[in-house]
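Reviewing the structure listed below.
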Amino acid sequence: MRYMRNKAGLLNLGVSMVLALLAGCASLGVQRPDNFGEKIEGAYTTVGLVRDTGLRLLQAGKIADQEAQVVQDRADALRAGIEAARDIRKVSEAGAESRLQAVLLTAQYITNCLDEREQPRPEGAEPLPTLAVCIQKQDPPL
Amino acid sequence: MSNSLLIAQLILDYSTSLSQLAALQAKARAENREPTDEELDKLGEGDDVKRARFQAAIDDARSRRISGSQRPPDM
């Protein structure tokens, strides 16, 4: 239950659940996506969750406007990746799948960084890197 | 807003998102087909709304920070 005590952790859990859903988990009351369109649906939902969490962290004073803008910009990149995957599919199914997987992986990286901001920090611990640095360290730009 | 309220809101949003996703999937599956481009576009439009709301909050926070930093120091 400790994991549930902070909202970023909850978002991380939520995104993980969406990813698990996309990977084949059918225990959420939503049937396992077995076609490209259903995976795209899940990706749109994930981007929305990233934006919602950014908004809540901003409103709660957990992140500053500059950090929130980073979240927004990365969510925009995810969205662009989804639209690109839809376009690529017109010429290449495998290419579209690959692009979509990259989008979902990046979404996971972003939520990892948001989650990190919610974890209690031990006394004397080094300050966290900025969100931009945190995300960049894990993932190259889309 | 308290953390518990924020978490409750997040759970609600997450549940709503999953419900919408489930409804779309159910509709498409009932008709034994993939979601149409129109249905996917609607999800995109929903994200546009979330984006606009988030950006407005960012702009508001930025304005408050800038106006606060321009205030003359207390004497």
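Note on naming: letters A, B, ... go to the chains in the order of the sequence lines (proteins, then strands), and numbering restarts at 1 for each one. Only heavy atoms go into these numbers, but all of them, side chains included; no hydrogens, no water, no symmetry mates. Since we're looking at a predicted model, the values are computed, not measured.
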Do you know the tightest heavy-atom contact between [X] and [Y]?
{"X": "B:Phe54", "Y": "A:Leu55", "value": "CE1-N, 3.3 Å"}
{"X": "A:Gln72", "Y": "B:Arg51", "value": "NE2-O, 3.0 Å"}
{"X": "B:Pro35", "Y": "A:Asn35", "value": "CD-OD1, 3.9 Å"}
{"X": "A:Leu58", "Y": "B:Ala61", "value": "CD1-CB, 4.0 Å"}

Heavy-atom contact with chain B under 4.5 Å, split by part of A:Ala75: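 Neither; nothing under 4.5 Å.
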
Which residues share a salt bridge (charged side-chain N to carboxylate O under 4.0 Å, His left out) with A:Glu97, sequence neighbours left out: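 A:Lys39.
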
Contact class of B:Asp60 relative to chain A, heavy atoms under 4.5 angstrom: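 For B:Asp60, neither part sits under 4.5 Å from chain A.
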
B:Arg65, part contacting chain A, at a heavy-atom distance under 4.5 Å: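 When you check distances to chain A, only side chain atoms of B:Arg65 fall under 4.5 Å.
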
Strictly below 4.0 Å, N to O, side chains only: are [X] and [Y] in salt-bridge contact?
{"X": "A:Asp65", "Y": "B:Arg64", "result": "no"}
{"X": "A:Arg89", "Y": "B:Glu34", "result": "yes"}
{"X": "B:Asp41", "Y": "A:Arg86", "result": "yes"}

Atom [atom1] of [X] and atom [atom2] of [Y]: how far apart are they, to the nearest 0.5 Å?
{"X": "A:Leu49", "Y": "B:Asp47", "atom1": "CG", "atom2": "CG", "value": "10.5 Å"}
{"X": "A:Tyr44", "Y": "B:Glu45", "atom1": "OH", "atom2": "CD", "value": "9.5 Å"}
{"X": "A:Ile40", "Y": "B:Glu39", "atom1": "CD1", "atom2": "CD", "value": "13.5 Å"}

Working for salt bridge (charged side-chain N to carboxylate O under 4.0 Å, His left out), residues A:Asp52 and B:Arg53: CA-CA 9 Å; A:Asp52 287 345; B:Arg53 189 176 55 173; 3.2 Å; yes

A:Phe36 reachable from A:Val103 in the ILVMFWY side-chain graph, under 4.5 Å edges: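 Both belong to a single hydrophobic cluster.
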
Test item: A:Arg79 side-chain N/O and B:Gly44 main-chain N/O as donor-acceptor pair under 3.5 Å: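 The answer is yes, because a donor-acceptor pair under 3.5 Å joins these two groups.
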
Polar side-chain atom of A:Glu41 near backbone of B:Leu40 as donor-acceptor pair, under 3.5 Å: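 It does not hold such a pair.
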
side-chain hydrogen bond (donor to acceptor under 3.5 Å, both in side chains) between B:Arg62 and A:Gln66, intermediate numbers included: CA-CA 8 Å; B:Arg62 183 180 295 125; A:Gln66 300 100 319; over 6 Å; no

Residue pairs, two or more places apart or on separate chains, that pass disulfide (SG to SG under 2.5 Å) and touch residues 61-126 of chain A: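 The answer is A:Cys113-A:Cys134.
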
